[in-house]
There are 2 protein chains.
Amino acid sequence: MNIGEASKASGVSTKMIRYYEQIKLISPAHRTESSYRTYTDNDVHTLQFIRRARDLGFSVEQMKALLALWRDRSRASADVKAIALEHIAELERKAAAIAAMTKTLKHLASHCHGDERPDCPIIEGFAETLGEGPGVPSKFGLANVV
Amino acid sequence: MNIGEASKASGVSTKMIRYYEQIKLISPAHRTESSYRTYTDNDVHTLQFIRRARDLGFSVEQMKALLALWRDRSRASADVKAIALEHIAELERKAAAIAAMTKTLKHLASHCHGDERPDCPIIEGFAETLGEGPGVPSKFGLANVV
DNA sequence: CCTTGACCTTCCCATCATGGGAAGGACTAA
DNA sequence: TTAGTCCTTCCCATGATGGGAAGGTCAAGG
């Protein structure tokens, strides 16, 4: 089948299928004489696998590892579980960061009248020095999580 | 003061200060004769404002709006609150998406022995057709949230 | 047989916020 | 004066995704 049909069958856009091929997440599709990509049911199966992993938030790198483990029938289930647990930890870290932001914002918002008057604890909270000193010089601040 | 000092004082990297100037989030810094950027305490205050808003997950666009409201002493607190509430809603949407992924993954992982044996419900869960049909053709799948 | 429309191809660009690094100029302390 | 640290601009990379242009291919219907 053509790339469009494979896309519909797998739920992965044609753009992404070509991209996944380019970055070698999947092997190059067979081509017709006129260089159209063709896909087998097996290829679609792989694409579905990718879509499900992606929908669970796995990165391309993690999916590469998962695909390799999927194909390796003799691998230990512990190998798969390790990737999953690591990803769960990552998700929980992000959830915690989001929860912290939400909590702070809700706190500020709850003290804001939200009417026509100008005084607003939210914006004052951003403006006031809260004794934090120099900010976290981290490569990955809270913002990257959102 | 120079950009390096302003960076340390505000917690915003020099790279980002220049970037924020470029995209007009902040106004162009004054320059010395040798075209070094110089910053006043007031400029640093603005940068701190930006850093705090950023740490709470606001986008550059939202920060533009917040800065304008900050400077406008006659604006209604409702205007600020609206932005904050919208952002809270966005954060909660992301938190929900992450929670859904985490739940699914934990469920799969809990049924995986995690030993040397090859059978693994996690990877089988990705591989099996679960009757989902064509995937969500959305521009923004779950994955974008992470 | 030819046209039309839907598909396919590759290539380049944009997103968002951030950092890396190179090449070269400016300043400061010894 | 020299060494070292700062500054400047410019270009490139990230990750996963989409948009769109320019042009080739294919199938159905007149």
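Side-chain atoms are counted along with the backbone in the values below, which use heavy atoms only and exclude waters and symmetry mates. Owing to the predicted nature of the structure, the values given are computational and were not obtained by experimental measurement. Lettering of chains follows the sequences in order, A, B, ..., and the numbering in each one begins at 1.
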- Query: Under 4.5 Å between any side-chain heavy atoms of B:Glu90 and B:Gln62, yes or no?
  - Reply: yes
- Message: Just N and O in the side chain of A:Arg18: are any of them under 4.0 Å from OP1 or OP2 of C:dT9?
- Response: yes
- Message: Is it the case that the side chain of A:Arg51 and the backbone of A:Ser10 share a donor-acceptor pair, with hydrogens and angles ignored and the cut-off at 3.5 Å?
- Response: yes
- Note on the structure: Between CD1 of B:Ile3 and P of C:dA26 the distance, given in whole Å, is 17 Å
- Of the options A:Asn42, A:Asp43, A:Thr38, which is the one that meets A:Thr40 in a side chain to side chain donor-acceptor pair (under 3.5 Å)? A:Asp43
- Query: For A:Met1 and C:dC7, what is the distance between atoms CE and P respectively, to the nearest whole Å?
  - Reply: 16 Å
- Task: Could you state the atom-to-atom distance from OH of B:Tyr39 to C1' of D:dC6 in whole Å?
- Result: 14 Å
- Message: What is the distance, to the nearest angstrom, from the CG atom on A:Asp55 to the P atom on D:dT17?
- Response: 9 Å
- Task: Examine C:dG19: is either OP1 or OP2 under 4.0 Å from a nitrogen or oxygen in the side chain of B:Tyr19? Give yes or no.
- Result: no
- Query: To the nearest angstrom, how far is B:Gln22 atom CD from D:dT8 atom P?
  - Reply: 13 Å
- Task: Could you check how far CG of B:Leu56 sits from P of C:dA17, rounded to whole Å?
- Result: 15 Å
- Is the shortest side-chain N/O distance from A:Ser34 to OP1 or OP2 of D:dC26 below 4.0 Å? yes
- Item | Donor-acceptor pair under 3.5 Å, B:Tyr36 side chain vs C:dG25 base | yes
- Note on the structure: From CG of A:Asn2 across to P of D:dG24 the rounded distance in Å is 19 Å
- Query: When we call it a touch if two heavy atoms are under 4.0 Å apart, what does B:Ser13 touch: a base, just sugar-phosphate, or nothing?
  - Reply: sugar-phosphate
- Listed nucleotide nearest any side-chain atom of A:Met16, set C:dT18, D:dT17, D:dT8: D:dT17
- Residue whose nearest DNA chain D nucleotide is more 5′ - A:Ile23 or A:Thr32: A:Ile23
- Any pair counted as side chain to side chain donor-acceptor pair (under 3.5 Å), so long as it reaches residues 22-33 of chain A, sequence neighbours left out: A:Thr32-A:Ser34
- Short N-O contact, A:Asp119 and A:Arg117, less than 4.0 angstrom: no
- Query: Hey, does the side chain of A:Arg37 come within less than 4.0 Å of C:dC8's phosphate (OP1/OP2), counting only N and O?
  - Reply: no
- Query: Is the distance from OP1 or OP2 of C:dT10 to the nearest side-chain N or O of A:Arg31 less than 4.0 Å?
  - Reply: yes
- Quick one: B:Lys15 NZ to D:dT9 P, roughly how many Å, whole number? 11 Å
